[in-house]
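Here is the structure we will look at, set down as structure tokens.
Computed over heavy atoms, backbone and side chain alike; hydrogens, waters and symmetry mates excluded. Order of the sequence lines sets the chain letters (A, B, ...), proteins ahead of strands, with each chain counted from 1.
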Amino acid sequence: MEFEILKEDAKSGARRGRLTTAHGVVETPVFMDVGTLGTVKALEPRDLKELKSQVVLGNTYHLLLRPGPEVISAAGGLHKFMRWEGPILTDSGGFQVFSLAKMRKFSEEGCRFNSHLDGHEFFLGPEESMEMQRVIGSDIAMVFDECLPYPCDRERAVASVERTLRWAVRSKAAPHAEHQAVFGIVQGGVYDDIRRHCAEELVKIGFDGYAIGGVSVGEPEQFMYQAVEASVPYLPKDKPRYVMGLGVMHQMAECVARGVDMFDCVIPTRIARHGTAITRTGNLAIKAAKYAFDQSPVEPGCECYCCRNFTRSYVRHLIACGEILGLRLLTIHNVWRLNEFMREMREALDNDCFVEWKASVLSSMQPQNKGETND
RNA sequence: GCGGGAGUAGAUCAAUUGGUUAGAUCAACAGAUUGUGAUUCUGUGGGUUGCGGGUUCGAGUCCCGUCUCCUGCC
């Protein structure tokens, strides 16, 4: 895997880059679609192509539970299994055992947990996670890490980060697929010096890219930026940086300004299924009565399949009835919206006007995106 | 025409021999969602208990009248 920096912004920490993986080129900054179980929910691979999505995420945790490594292996890897020819990034399962598994026990070896599906017992450690990611055949594998909750006291954060670092060494040493890049993950909670230490130690181990983890776990927004600011300066310039779990537009713009290249998030697809459309000015709850007779598209001016062909009135009807097409159309719109957002961001970087673009976009957004109309 | 039954929130129904401010579920409406949760979570509004009178300290509940619907008989 190669990462090339095409341009560095003069007025911020932002970079315009290009990541070359075994399954294609990724223009950064990029938003990556979450496809936990080998599918971006409600979308087909051909939709993703049309929506200009660049990378799909797969989940080690979920795919380990179902369908299991044997099935993925028999298919010849996840690309062939799900018929997605583009790049795939896999999460290691570290976050999932933290957020999903009910019964879990961490040890130096890894984490013993019970499946959230049926209680069946599993074990995931650095070696197990890397082996599963090898079978999946993702283009980018993530190290198995421990995600700290918020809040978290300093003593625990120190101990956890030391373990995460030992696990990072083991993850790197474990066999992985020939074409597979491996990213380390910076942890450390809200403690700047621990973040720095973690970043520096990861760089010594040496990875193809670096993620900032443990954000968007319930902490106030400024801590999120603080975690980025405490990590980025200690990461190599020539490697991609990835903030895990972020997908809110203004948050991504702020992180790019601080030197981040990659993001992923469930938000666009999840809120679509719950009836919320993302627009450039904020969120729009399509279920609201005021849209019952509205003959305009979900987002006027949008060029996605949903907005080119259907009305708010119709989409509202579908969502109100729980129709599958409603979930699909809103998912199409939201994924397109975020991809467009990132494309505009890259264009602004190409044209040396990122800071101006960011200011203009942020000022046109509803404060906190809460509830107001956007028509 | 006669007998029996039923009328309670937008819908379907609760509410102890008469006893706190008439509840639930769906629907409606409003929020939430950050390394995935479609059919999820949280909250809000909504009632002259068909109508009118009476008994009672107190009536959705008992009595009288009346209206509407269901059902049976002639």
Side-chain angles (χ1 to χ4, degrees), chain A residues 31-43 55-63 65-66 88-100 116-117 129 133 138 140-150 164 183-187 209-221 223-225 227 242-252 254-255 260 262-276 278 283-292 316 318-331 334-335 338 368-373:
Chain A
F31 173 78
M32 307 182 286
D33 297 316
V34 176
T36 305
L37 284 157
T39 164
V40 176
K41 293 185 195 296
L43 300 182
V55 184
V56 169
L57 259 74
N59 271 92
T60 300
Y61 173 92
H62 293 79
L63 294 170
L65 269 49
R66 281 193 311 202
I88 292 177
L89 182 150
T90 39
D91 195 9
S92 63
F95 182 79
Q96 284 68 39
V97 296
F98 159 77
S99 68
L100 289 176
H116 69 287
L117 298 170
S129 174
Q133 295 185 76
S138 55
I140 300 172
M142 304 302 300
V143 298
F144 187 75
D145 64 332
E146 184 174 25
C147 185
L148 284 171
Y150 175 83
T164 284
F183 280 26
I185 304 177
V186 180
Q187 291 289 348
Y210 298 87
I212 294 162
V215 299
S216 63
V217 290
E219 78 282 10
E221 196 173 79
F223 288 167
M224 199 181 280
Y225 302 137
Y242 163 29
V243 170
M244 308 186 78
L246 246 59
V248 174
M249 290 188 290
H250 73 273
Q251 293 174 353
M252 290 195 288
E254 293 297 348
C255 288
V260 176
M262 303 163 70
F263 304 91
D264 80 281
C265 191
V266 304
I267 279 222
T269 46
R270 179 183 292 168
I271 68 176
R273 296 192 302 275
H274 292 172
T276 299
I278 300 171
N283 290 353
L284 183 148
I286 199 68
K287 280 192 276 191
K290 56 193 164 187
Y291 305 126
R316 174 183 185 272
L318 293 177
I319 291 292
C321 296
E323 278 294 335
I324 297 171
L325 183 57
L327 314 183
R328 227 177 102 65
L329 291 177
L330 278 187
T331 302
N334 284 354
V335 168
L338 284 205
Q368 295 142 14
N369 277 356
K370 274 183 184 169
E372 302 306 316
T373 62

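- For the pair A/Leu284 CG and B/C29 P, the interatomic distance rounds to 14 Å; values are reported in whole Å.
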remark   = A correct dot-bracket answer for RNA chain B, with pairs being Watson-Crick or G-U at under 3.5 Å, [ ] for crossing pairs and | for inter-strand pairs, is (((((((..((((.....[...)))).(((((.......))))).....(((((..]....)))))))))))).

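- Spacing between atom NE2 of A/His250 and atom C1' of B/U34 amounts to 11 Å, rounded to whole angstrom units.
- One finds a side-chain N or O of A/Arg270 lying less than 4.0 angstrom from the OP1 or OP2 phosphate oxygen of B/U34.
- Under the side chain to side chain contact (heavy atoms under 4.5 Å, CB included) rule, A/Gln133 has a single partner from A/Ile140, A/Val143, A/Thr90, which is A/Thr90.
- Relative orientation of the A/Phe183 and A/Tyr242 rings is perpendicular, given thresholds of 30° and 60° on the angle between their planes.
- Side-chain atoms of A/Glu146 stay outside donor-acceptor range of the base of B/G35, with no qualifying N/O pair under 3.5 Å.
- Distance from the side chain of A/Ile267 is smallest for B/U34 among the nucleotides B/G35, B/U34, B/G31.
- Using a 90° window around 0 for the glycosidic torsion, B/G37 falls inside it and is classed as syn.
- Not one side-chain nitrogen or oxygen of A/Arg316 sits closer than 4.0 Å to the OP1 or OP2 atom of B/A28.
- Nearest to the side chain of A/Ala289, among B/U34, B/G35, B/C29, sits B/C29.
- Side-chain atoms of A/Lys41 lie closest to B/G37 of the nucleotides B/A30, B/U33, B/G37.
- The nearest whole Å value for the distance from the CZ atom in A/Arg273 to the C1' atom in B/U40 is 10 Å.
- Not counting sequence neighbours, the partners of A/Leu327 by the side-chain contact (heavy atoms from CB on, under 4.5 Å) test are A/Arg273, A/Ile319.
- Atom NE2 in A/His62 sits about 9 Å away from atom C1' in B/G37, given to the nearest Å.
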